[in-house]
Amino acid sequence: MASVNSVNVGGNQNNSEVIIIGAGIVGIATAALLSEAGHSVLVLDRTGICEETSSGNAAALAFSEVLPLASKGVMKKVPRWLLDPLGPFAIRPTYLPKLLPWLYRFWRASSDTALRSSTQMQGQLMRLAEQEMLALAERAGVMHMIHHEGNLELYESEAELQAAMAGWEAKKQAGIDFAIVRGAELAALQPGLSPQFVVGCFVPKWKNVSDPKLYGKALWSYAEKLGSRFRQASVAAVARLQSGAEVTLANGEKLQCKKLIIAAGAWSHQLSAQLGDAVPLETERGYNTTLPVGAFDVRRQLTFPGHAFVVTPLTTGVRVGGAVELGGLKLPPNYARSAAMLKKAKQFLPQLNTEGGRQWMGYRPSTPDSLPVIGFSSATDDVVYAFGHGHLGLTQSAATARLVTQLLNHEKTALPVSALSPKRF
Ligand SMILES: Cc1cc2nc3c(=O)[nH]c(=O)nc-3n(C[C@H](O)[C@H](O)[C@H](O)COP(=O)(O)OP(=O)(O)OC[C@H]3O[C@@H](n4cnc5c(N)ncnc54)[C@H](O)[C@@H]3O)c2cc1C
């Protein structure tokens, strides 16, 4: 018979007992901030701490990425990209019928008005993201895991750069510094580049973490020291109670809590639907290959916008990957995509040693407007959502944690969260 446990994890009786579903970077950062604020926190995840999408991403704290995916520049490239089944943007044909409603919303998110407001919101969120991430890293004692070498975006012609300038202008308006570099300046920022890259945009304030899995685990150690606890368990159902919420685990066990945070990445909509919130969350599957340390002397993150992938120097190797595949949560990975990006990377960095790589796929949790879902559920203020960060979950994790903590404490939020509400769809 199923048992019912009230989650009482000690601590001050006046504080809420909180359950967080999901130990990805968003759940981890949220656990850290809630523990700092004195809450008793239990994190549930079916795998472990930072073991899924948050473990294998490109490690960027991409505070300058304020343009939504449905931006004009990307929308122009999509038809060409779709022609290549292993290219930067692909749709698995069998998944297309299910995807159509999301694609329609994605297309609507590319209108001038929608883009203006989502870019503005993303800008505000990124300012908070930078402030909160650096402050959290400091408090957690993991500042040494943040690298400050910047990002170099590379173009194969002046015309390609010109086509991207509208986006760079929008970033400039959002306060982002960048420098256009050519010739010796370009070669100094990254020696060994193929001469096909004639011009670059350098963003000096871009940051990376040394390795996203290690970084997530290090932040968790901090949360754990403050009292956060972890339990490996798969959540089958969530429900509101008259006061608080109830979580049913896959083994039938029921846990009750005063406050529930849903931070289950690309699976979150399956839980939010049970509380009456039909959130159009899709997954943009992304692929990469991590090569051993020493595969190439990558000086900073390199971005190839025409091919939608990046090369990232990690303390644990060199990671080559990116791309978007719309194929849902169930279809098996197609690692030919990882191999296709690696082949291109070898062309772009001829001295790259492509031996001994480890292939990986992750599920970006993506909304049509590229903004996360941060807000109360429609059913009850005792459930807060924290998901849908798409390409930017690592970057925005600490900002999300701050907003969730403020919502939970019924404090004024650092920025208006109505644009992030689940009700916006
Ligand atoms: C190729 C690639 C490159 C990327 N590069 C970057 C980058 O450089 N910078 C950046 O900011 N972002 C990047 N991202 C995006 C980033 O990785 C994601 O936005 C982020 O990891 C999402 O974190 P999360 O905590 O929301 O979800 P996840 O990391 O997916 O964590 C959710 C957790 O919830 C658990 N879960 C789900 N359902 C249940 C359930 N029912 N019961 C129990 N547990 C459950 C899962 O097991 C999982 O561990 C990249 C993504 C990809 C794929």
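Note that ligands are numbered from 1 as they come in the structure, with each ligand's atoms numbered from 1 the same way. Worth saying up front: this structure is predicted, and the values here are computed from it rather than measured. All residue numbers refer to positions in the sequence shown, counting from 1.
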Original post:
How far is atom 4 (C) of ligand 1 from its nearest protein heavy atom, and which residue and atom name does that atom have?
Top reply: Asn57 CB, 3.2 Å
Original post:
Evaluating non-hydrogen atoms only, which member of Gly22, Gly321, Ala29 is closest to atom 34 (O) of ligand 1?
Top reply: Gly22
**OP:** Considering only non-hydrogen protein atoms, determine which one is nearest to atom 5 (N) of ligand 1 and report residue, atom name and distance to 0.1 Å.
**Re:** Ala58 N, 3.0 Å
Subject >> Those atoms of ligand 1 less than 4.0 Å from some heavy atom in Leu392 >> reply: 10 (C), 11 (O), 12 (N)
Original post:
Are Tyr363 and Trp267 close enough that their ring centers fall under 6.0 Å?
Top reply: yes
Original post:
Below 6.0 angstrom between ring centroids: does that apply to Tyr155 and Phe304?
Top reply: no
Original post:
What part of Ser55 sits under 4.0 Å from ligand 1 if we count only heavy atoms: the side chain, the backbone, both or neither?
Top reply: neither
Original post:
So how far is it from Gln359 CD to Leu342 CG, rounded to the nearest 0.5 Å?
Top reply: 8.0 Å
Subject >> Ring-ring centroid check His269 Phe387, cutoff 6.0 Å >> reply: no
**OP:** May I ask you to check whether Trp206 and Phe63 place their ring centers less than 6.0 Å from one another?
**Re:** no
Original post:
Which pair of non-hydrogen atoms, one from Arg319 and one from Asn57, has the smallest distance, and what is that distance?
Top reply: NH1-O, 2.8 Å
**OP:** List every atom of ligand 1 that sits less than 4.0 Å from any heavy atom of Pro365, numbering the atoms from 1 in the order shown and giving each element.
**Re:** 19 (O)
Original post:
Does Ala266 reach ligand 1 with a nitrogen or oxygen that is under 3.5 Å from one of the ligand's nitrogen or oxygen atoms?
Top reply: no
Original post:
When you measure from atom 33 (C) of ligand 1 to each heavy atom in Thr30, Asp45, Ile25, which option holds the nearest one?
Top reply: Asp45
Original post:
Are there more than 12 heavy atoms of other residues, nucleotides or ligands under 6.0 Å from atom CZ of Arg139?
Top reply: yes
**OP:** Looking only at protein heavy atoms, identify the closest one to atom 9 (N) of ligand 1 and say how far it is in Å.
**Re:** Ala60 O, 2.9 Å
Subject >> Identity and distance of the protein heavy atom lying nearest atom 39 (C) of ligand 1 >> reply: Arg46 NH1, 3.8 Å
Original post:
Among Gly24, Ser54, Gly265, whose heavy atom sits nearest atom 22 (C) of ligand 1?
Top reply: Ser54
Original post:
Which residue and non-hydrogen atom of the protein lie closest to atom 41 (N) of ligand 1, and at what distance in Å?
Top reply: Val235 O, 3.0 Å
**OP:** Give, for atom OG of Ser397 and atom CD1 of Ile28, the distance between the pair rounded to the nearest 0.5 Å.
**Re:** 8.5 Å
Original post:
In terms of ring plane angle, is the pair Phe178 and Trp168 parallel, tilted or perpendicular, where the classes change at 30° and 60°?
Top reply: tilted
Subject >> Presence of salt bridge, Lys171 and Glu65, under 4.0 angstrom >> reply: yes
Original post:
Considering Ile21, Thr53, Val26, which one's heavy-atom position lies nearest to atom 30 (O) of ligand 1?
Top reply: Thr53
Subject >> CD-CG distance between Glu411 and Leu403, expressed to the nearest 0.5 angstrom >> reply: 11.0 Å
**OP:** Enumerate the atoms of ligand 1 whose separation from the nearest heavy atom of Leu394 is less than 4.0 angstrom.
**Re:** 10 (C), 11 (O), 12 (N)
Original post:
Can you tell me which residue and heavy atom of the protein come closest to atom 2 (C) of ligand 1, and the distance to 0.1 Å?
Top reply: Arg364 NH2, 3.7 Å
Original post:
Can you list the atoms of ligand 1 that are under 4.0 Å from a heavy atom of Thr47?
Top reply: 47 (O), 49 (O)
Original post:
Considering only the protein, which heavy-atom contact is closest to atom 12 (N) of ligand 1, and what is its distance?
Top reply: His391 O, 2.8 Å
Subject >> Partner set under salt bridge (charged side-chain N to carboxylate O under 4.0 Å, His left out) for Asp297, not counting sequence neighbours >> reply: Arg299
Original post:
What do you reckon, does Ser234 put a non-hydrogen atom under 4.0 Å from ligand 1?
Top reply: yes
Original post:
Non-hydrogen atoms of Ala233 versus ligand 1: any pair closer than 4.0 Å?
Top reply: yes
Original post:
Considering only heavy atoms of Thr395, which atoms of ligand 1 have at least one such atom less than 4.0 Å away?
Top reply: 9 (N), 10 (C), 11 (O)
Original post:
Does ligand 1 have any atom sitting under 4.0 Å from a heavy atom of Gly390?
Top reply: yes
**OP:** Mind running side-chain contact (heavy atoms from CB on, under 4.5 Å) on Tyr385 and Thr400 for me, showing each step along the way?
**Re:** CA-CA 10 Å; Tyr385 299 139; Thr400 302; over 6 Å; no
**OP:** Quick one: look at Gln396 and ligand 1, take heavy-atom pairs under 4.0 Å, and tell me if it's side chain, backbone, both or neither.
**Re:** neither
